Each structure stands twice: as C-alpha cells, then as structure tokens.
Amino acid sequence: MKRIYRVNFVVSLIVLATSLLVEGCSPFYDDLSDCNEVTLEYRYVPVEEDEYPQYVQSMRHFLFDHQGQFIKELPQNASSPQKLIISGMRQGMYTVVTIGNCTEENTTLSSLVAMKSSYQDFLLHLKKRTETGEAYANAEELFWNTKNFEVKQSEKQHYICDLSNIHCHLIYQVQWQSVPPSDGVYRIELSNLTEEYQLDPNKSPLSIMVNQPLGVLHTFPLHSEKTCPIFQDITLLNHQLTGELISLRYRNDRIPFFQVKLGDKAITKKLNLAKAFQTFGWRPDQRAVQVYRIQIRINDEGSVTIRPWYTGSVEDWELGGTITL
C-alpha cells in the first residue's frame with residue numbers, strides 16, 4: 001500500500017512540474033508566471049519631449065510570435081498606461097503591434113484569431129460615416145507602433161517604444177473676394193484620401209528620424225489602394241467657412257482634392273491640393289506630424305486662390321506663396 005502512495009506522489013509531482021512548465025511560461029495562457037518579464041514603455045515625441053499624456057488617451061496591444069502569427073491581445077496597464085508589462089513568456093522573439101486612440105465606434109480593426117491570423121490579416125480602416133452615409137466623418141487622432149523584442153530566460157528586459165502619428169489635420173478657411181452666394185449650410189469635401197492601412201510591420205514603407213540624440217524613429221504603416229472622401233457640413237460665419245478635417249496620413253503621391261458645395265451646387269471645382277502643396281514646398285512623406293493650414297479665396301471671376309494660412313485678412317494677401325486654380 002505504501003508503494004502505491006509513493007508512486008501516486010511521484011506522478012503528482014511530475015504533473016505539477018509539467019503544468020508549471022507549460023502554463024507558467026507560455027503566451028497562450030492568461031495566468032502567466034514571472035519566469036521572464038518584458039516591459040514596453042511607450043512615448044510620443046513629436047519634436048523633443050514626450051507628449052504622450054497630451055495626445056494619447058488609450059492603446060490596444062496585439063502580440064505576435066516570431067513568424068508573424070497572432071497570439072492574443074494584451075490589456076493596457078490601467079495603473080501605468082505608458083507601460084506594458086509582459087511576463088511568463090517562453091524564450092524567443094516576439095512583436096507587439098500597438099494602436100493608440102482607436103475606438104470601436106470610429107475605427108475598425110480586423111478580427112484576429114489566435115494562432116490562425118497573421119500580420120497580413122491585420123488591417124485598420126475608417127468606420128464612422130456622415131449621417132447620410134455618403135462619406136466618412138473625421139477620423140480619430142490615431143497613433144501606431146511596432147516593437148520586436150526578445151524574451152530571455154530569467155531576465156527582465158526593458159524597451160522604449162516610440163508612437164508614430166498616423167493621422168492628418170487639414171485646418172481650412174474659405175473666404176469670398178466679395179459676398180458669399182448664401183447664408184445656408186455648406187459642405188466641404190476632401191476626396192482621394194486613404195481609407196485603410198495594412199498593419200504588417202514588415203511592410204512599413206516609411207520611417208522618419210525625429211530626434212537623433214534621443215533615438216526617436218517614427219515608422220508608418222502601408223497605405224492600401226482604397227481611397228475615400230470625407231465630408232463636413234458647416235455654417236457660414238462672418239462671411240467665411242472655418243473648420244478642420246482629420247483623415248489618415250497624406251502621401252507625396254496621394255494628396256486630396258478640396259471642394260466647396262452648397263446643397264447640390266458646386267461652388268468650386270475639385271481643387272487639386274497637390275499643386276498647392278508643391279508650390280508651398282510641403283512634402284507629406286517628410287513630415288512626422290501632418291498639420292496643414294490653408295486659406296482659400298473664391299474670386300469674383302470664378303477662380304480660386306490658395307495660400308498657407310497664417311494670420312491677416314484677405315486684404316493682406318501677397319503674391320508669394322499662393323496658387324490660383
């Protein structure tokens with residue numbers, strides 16, 4: 001009888017040890033031990049200082065193995081949002097893809113299946129539409145990072161992760177040389193905008209060194225071929241239209257068209273902003289942060305003059321730095 005108890009005790013020890021080995025150091029279990037620990041610390045440095053608290057409200061983290069297979073989504077650290085602590089992982093190489101400020105109401109991320117989905121299945125595209133459903137409303141102020149890291153046995157690793165700004169602001173003011181045709185509600189339409197990103201880290205086509213001393217390198221996701229318009233309905237105020245349109249990033253070869261409408265009537269033709277950007281020396285692929293300010297004057301004879309919007313009234317316009325279409 002004692003021999004039977006001894007055998008059962010040994011078997012129990014073997015089962016317990018195997019359970020700890022599998023569950024304690026595996027990325028496939030929620031109850032992870034502290035065999036190994038990796039800390040990913042996130043920051044957003046647009047120029048010289050970390051401005052994460054001012055710009056980033058939330059993050060979603062997606063864990064992939066060394067072959068690019070999806071493992072699981074990791075929850076954000078509620079007590080310390082800028083740090084993601086991963087413990088109990090097996091030794092090896094992994095990647096975390098992070099999206100900042102992404103909400104289910106406004107932005108769609110692909111539904112990933114553990115150990116079936118891969119990098120190439122991971123897409124981000126606009127979701128929120130205007131009330132009529134004709135076009136998209138403003139995008140969210142999105143951020144992105146991918147970090148490759150190595151888990152070493154019984155070691156604690158620490159990595160800095162630089163979030164990249166993957167949205168664009170176009171701040172505009174529309175004026176008339178004399179008098180607007182109506183006091184009604186106008187529509188501003190931007191077209192030829194990117195609708196979707198591919199979030200595969202290996203396909204990132206662009207990186208910009210933001211701060212060499214701090215080692216801040218911003219990388220950006222691949223634009224898909226899908227394009228879309230964004231509409232904004234706006235009321236005339238003081239004989240002018242002033243607003244802001246937020247989209248996914250512009251590219252050197254994909255700069256939008258701008259059009260003003262009043263009901264079904266086109267007040268301007270579709271204005272090719274690529275020509276204006278070229279005149280102003282604005283190259284989107286060289287800007288880590290894309291914030292553009294333009295002022296548009298609708299002239300009495302029907303032409304449109306565009307210039308960078310700084311300060312001053314319409315009477316202060318100078319010929320330098322403007323383009324007429």
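Throughout, numbering of the chain's residues begins at 1 and tracks the sequence. Bear in mind the structure is a predicted one, so any value in this text is a computation, not a measurement.
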(message) Are Ser191 and Pro256 packed together at the side-chain level, in the sense that at least one heavy-atom pair is separated by less than 4.5 angstrom?
(response) no
(message) Taking atom OH as the centre, does Tyr159 end up with more than 12 heavy-atom neighbours from other residues, nucleotides or ligands that are less than 6.0 angstrom away?
(response) yes
(message) I'd like to know if Glu73 pairs up with Arg60 as an ion pair, taking the criterion as any Lys NZ or Arg NE/NH1/NH2 lying under 4.0 Å from an Asp or Glu carboxylate oxygen.
(response) yes
(message) Test of understanding: clusters of I, L, V, M, F, W, Y form through side-chain heavy atoms closer than 4.5 Å, transitively. Do Met89 and Leu74 belong to the same one?
(response) yes
(request) Measure from the ring center of Tyr52 to the ring center of Tyr44 and say whether it is less than 6.0 Å. (result) no
(message) Quick check: do Asp121 and Phe70 have side-chain heavy atoms less than 4.5 Å from each other?
(response) no
(message) Do Val260 and Leu262 land in one hydrophobic cluster if side-chain heavy atoms of ILVMFWY residues count as linked below 4.5 Å?
(response) yes
(message) In this structure, is the centre-to-centre distance between the rings of Tyr197 and His223 below 6.0 Å?
(response) yes
(request) Any chance you could lay out the ring pair (Phe, Tyr, Trp, His ring centres under 6.0 Å) test for Tyr292 and Trp282, step after step, and finish with the verdict? (result) CA-CA 9 Å; Tyr292 300 106; Trp282 294 351; 5.3 Å; yes
(message) Just checking Arg129: does its CZ atom have more than 12 heavy atoms from other residues, nucleotides or ligands closer to it than 6.0 angstrom?
(response) yes
(request) Could you tell me if the ring centre of Tyr42 sits under 6.0 Å from that of His61? (result) yes
(request) Check the surroundings of atom CD in Gln120: do more than 12 heavy atoms from other residues, nucleotides or ligands lie under 6.0 Å from it? (result) no
(request) Please list all pairs passing the side-chain hydrogen bond (donor to acceptor under 3.5 Å, both in side chains) test where one or both residues lie in residues 252-271, with sequence neighbours left out. (result) Glu189-Lys261, Thr194-Arg254, Arg251-Asp253, Asn252-Asp285
(request) Taking side-chain hydrogen bond (donor to acceptor under 3.5 Å, both in side chains) as the test, write out the residues that go with Glu49, two or more places apart. (result) none
(message) Any non-hydrogen side-chain atom of Ile296 less than 4.5 Å from a side-chain atom of Val304?
(response) yes
(request) Would you check if Gln153 and Val151 make a side-chain contact, meaning some heavy-atom pair closer than 4.5 Å? (result) no
(message) Does any part of the side chain of Gln232, heavy atoms only, come nearer than 4.5 Å to the side chain of Asn138, both counted from C-beta?
(response) yes
(request) Nearest 0.5 Å please: distance from the CD atom of Gln82 over to the CD atom of Glu41. (result) 7.0 Å
(message) Other residues, nucleotides and ligands only: do more than 12 of their heavy atoms fall within 6.0 Å of CD on Gln54?
(response) yes
(request) Identify whether Tyr250 and Leu222 are in the same connected component of the hydrophobic contact network (ILVMFWY, side-chain heavy atoms under 4.5 Å). (result) no
(request) Tell me whether the centres of the aromatic rings in Phe64 and Tyr94 are closer together than 6.0 Å. (result) no
(message) Is the distance between the ring centroids of Tyr186 and Trp176 under 6.0 Å?
(response) yes
(request) Please name all residues satisfying side-chain hydrogen bond (donor to acceptor under 3.5 Å, both in side chains) with His239, sequence neighbours left out, ordered by chain then number. (result) none
(request) Find out whether Ile171 and Val291 are in side-chain contact, i.e. whether some heavy atom of one side chain is under 4.5 Å from a heavy atom of the other. (result) yes
(request) Side-chain contact test, heavy atoms from C-beta onward, threshold under 4.5 Å: evaluate it for Ile166 versus Pro221 and give yes or no. (result) yes
